[in-house]
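Atom set for the values below is all heavy atoms of this structure, side chains included, hydrogens, waters and symmetry mates excluded. Order of the sequence lines fixes the chain letters, A, B, ..., with proteins taken first and strands second; residue numbering starts at 1 for each chain. Keep in mind the model is a prediction, meaning the values are calculated, not measured.
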There are 2 protein chains.
Amino acid sequence: MKLSEAKKQFISSWGAFGTHWGINKTMAQIHALLMISPDPLTQDDLMEQLSISRGNVNMNIRDLINWGLVDRVIIPGERKEYFTAEKDIWKVATQIIKERKKRELEPMLKLLDQLEDVDGDKKDKNIKQFVDTVSGIKKFGQQADKMLQVMVKADENWFVGALVKFFK
Amino acid sequence: MKLSEAKKQFISSWGAFGTHWGINKTMAQIHALLMISPDPLTQDDLMEQLSISRGNVNMNIRDLINWGLVDRVIIPGERKEYFTAEKDIWKVATQIIKERKKRELEPMLKLLDQLEDVDGDKKDKNIKQFVDTVSGIKKFGQQADKMLQVMVKADENWFVGALVKFFK
DNA sequence: TTGAATTTTCAAAACTTTTTGAAAATTAAT
DNA sequence: ATTAATTTTCAAAAAGTTTTGAAAATTCAA
């Protein structure tokens with residue numbers, strides 16, 4: 001397959017993949033394009049290569065920067081801003097895990113804590129089922145939180161090495 | 001907090017949580033309500049308790065059944081159909097992992113395989129970056145696939161026990 | 001400073017997804 | 001077989017999200 005065709009396919013399916021994970025298609029496509037580009041790109045490059053408007057590029061780039069997945073790059077002597085993406089997929093993954101843990105998992109665990117001590121007779125089957133469900137989810141979430149914490153902190157090689165041994 | 005208030009909060013935040021994971025709000029809310037209900041519910045119960053239309057309940061219940069998260073229950077002597085959700089959160093999680101692995105991860109890995117052998121000189125930096133990115137993602141994805149496979153097959157207690165030891 | 005290049009913003013438009021509700025289909029009791 | 005209860009379907013409406021593009025703001029070189 002030719003590079004240009006392969007690029008198109010990669011960008012388009014990375015975009016579709018993103019939408020299953022709560023990330024918008026354009027953001028994922030910009031990220032895909034930056035990951036496969038050896039050199040940093042400008043907003044105009046992104047507009048042109050993805051056929052999207054300036055405003056769209058600008059907003060999605062901002063989000064990607066907030067997620068810690070893209071960086072602004074200053075090229076001396078150049079007026080325009082350039083952008084580049086982290087290319088080590090392990091770092092991309094841990095960055096996403098770190099952010100989602102903070103944005104989603106931690107608030108959920110905090111809420112479950114509050115919901116766990118609902119008033120009333122624990123013998124009532126409605127209350128019992130509610131509390132059992134909530135505390136089951138809480139325990140599971142705490143376990144996941146702990147595990148993700150270790151992953152995020154771990155050094156790539158140590159972790160991958162350990163995992164391979166553990167799961168092989 | 002009163003049970004009715006706690007239920008409302010749980011349902012609403014489980015719905016919001018779902019939207020970050022590519023699941024629609026109503027589907028997640030139906031699932032939440034069924035998880036905290038000790039007895040099976042009918043479509044009418046769901047319509048009433050969540051204030052949504054019959055068609056909406058019907059379609060989302062169908063999806064939940066396809067995901068393997070909800071089951072139809074026949075109650076002898078009752079005309080209506082009843083629905084119940086898996087309440088063991090570990091089973092819920094492995095079921096979701098199994099499905100998403102099949103629907104998303106596996107097709108992505110298949111595509112990456114094809115993209116990896118793009119034509120042209122591997123010395124060209126564009127080709128090199130493309131191939132490096134694609135194979136990096138592929139390796140990572142295969143690793144994840146293997147790990148998830150183990151999780152899904154594992155028995156709850158064995159796995160949780162092993163994880164706790166491993167990550168503590 | 002000035003002004004040209006560049007980036008940012010945001011209201012309106014386009015697009016996508018979800019929801020509704022009534023009609024059609026199915027089911028099961030008589 | 002008939003009928004009433006229940007479930008399913010799906011076109012149209014509503015709601016939600018993303019994209020556009022032009023105006024405003026910012027930046028920087030001269």
Side-chain angles (χ1 to χ4, degrees), chain A residues 11-34 40-67 69-84 103-104, chain B residues 11-34 40-67 69-84 103-104:
Chain A
I11 290 169
S12 131
S13 52
W14 198 249
F17 201 63
T19 60
H20 289 122
W21 291 86
I23 287 149
N24 96 31
K25 194 182 63 159
T26 306
M27 202 188 311
Q29 290 187 343
I30 292 174
H31 184 231
L33 178 51
L34 290 174
L41 302 179
T42 62
Q43 293 202 4
D44 290 274
D45 294 332
L46 294 166
M47 285 168 67
E48 196 192 308
Q49 296 202 46
L50 302 173
S51 313
I52 55 178
S53 72
R54 185 176 301 287
N56 199 2
V57 168
N58 193 277
M59 289 180 128
N60 283 297
I61 277 280
R62 179 171 52 241
D63 276 0
L64 284 163
I65 291 173
N66 287 148
W67 274 89
L69 298 174
V70 164
D71 287 317
R72 245 175 255 277
V73 172
I74 302 301
I75 296 199
E78 290 275 10
R79 184 75 144 76
K80 288 187 177 178
E81 291 184 316
Y82 284 76
F83 299 94
T84 188
R103 298 179 191 198
E104 298 163 32
Chain B
I11 290 168
S12 132
S13 54
W14 197 249
F17 201 63
T19 60
H20 289 123
W21 291 86
I23 289 151
N24 95 32
K25 196 184 62 163
T26 305
M27 202 187 311
Q29 289 187 343
I30 292 174
H31 183 232
L33 178 51
L34 289 174
L41 301 180
T42 63
Q43 292 202 6
D44 290 275
D45 294 332
L46 294 166
M47 285 169 66
E48 195 194 307
Q49 295 203 45
L50 301 173
S51 312
I52 56 180
S53 73
R54 184 175 301 286
N56 199 1
V57 168
N58 194 278
M59 289 180 129
N60 283 297
I61 277 279
R62 181 173 48 244
D63 276 0
L64 284 164
I65 290 174
N66 287 148
W67 274 91
L69 297 174
V70 164
D71 287 317
R72 245 177 257 278
V73 173
I74 303 301
I75 296 200
E78 290 274 9
R79 184 77 146 74
K80 289 189 175 175
E81 290 184 317
Y82 284 75
F83 299 94
T84 188
R103 297 178 191 200
E104 298 162 32

J.: Just wondering, do A:I52 and A:V57 contact through their side chains at under 4.5 Å, heavy atoms?
T.: yes

J.: Can you tell me how far apart CG (B:L34) and CD1 (B:I11) are? Round to the nearest 0.5 Å.
T.: 9.5 Å

J.: May I ask you to decide if the ring planes of B:F17 and B:W21 are parallel, tilted or perpendicular, using 30° and 60° as cut-offs?
T.: tilted

J.: Calculate the interatomic distance between A:L41 atom CG and C:dT6 atom P; express it in whole Å.
T.: 16 Å

J.: Whole Å only: how far is the CE atom of A:M27 from the C1' atom of D:dT17?
T.: 12 Å

J.: Atom CD of B:E78 to atom C1' of C:dT27: distance rounded to whole Å?
T.: 15 Å

J.: What is the separation between atom NZ on B:K25 and atom C1' on C:dT18, rounded to the nearest whole Å?
T.: 10 Å

J.: Going 5' to 3' along nucleotides 1-13 of chain D, which nucleotides have protein heavy atoms under 4.0 Å from the base (write B), which only from the sugar-phosphate (write S), and which from neither (write -)?
T.: ---BBSBBBB---

J.: OP1, OP2 of C:dT18 versus side-chain N and O of B:T26: anything below 4.0 Å?
T.: no

J.: Hey, are the side chains of A:F83 and A:D45 touching, using non-hydrogen atoms and a 4.5 Å cut-off?
T.: no

J.: Are the side chains of B:Y82 and B:R72 in touch, meaning some heavy atoms are under 4.5 Å apart?
T.: no

J.: May I have the distance from B:L46 (atom CG) to C:dT19 (atom P), rounded to whole angstrom?
T.: 14 Å

J.: Over how many whole Å does the gap from B:Q29 atom CD to C:dT18 atom P extend?
T.: 13 Å

J.: Send over the distance from B:I61 CD1 to C:dT19 C1', rounded to a whole Å.
T.: 16 Å

J.: Please tell me if the side chains of B:D44 and B:R54 come closer than 4.5 Å, counting only heavy atoms from C-beta onward.
T.: yes

J.: Could you state the CD1-P distance from A:I30 to D:dT18, rounded to the nearest angstrom?
T.: 13 Å

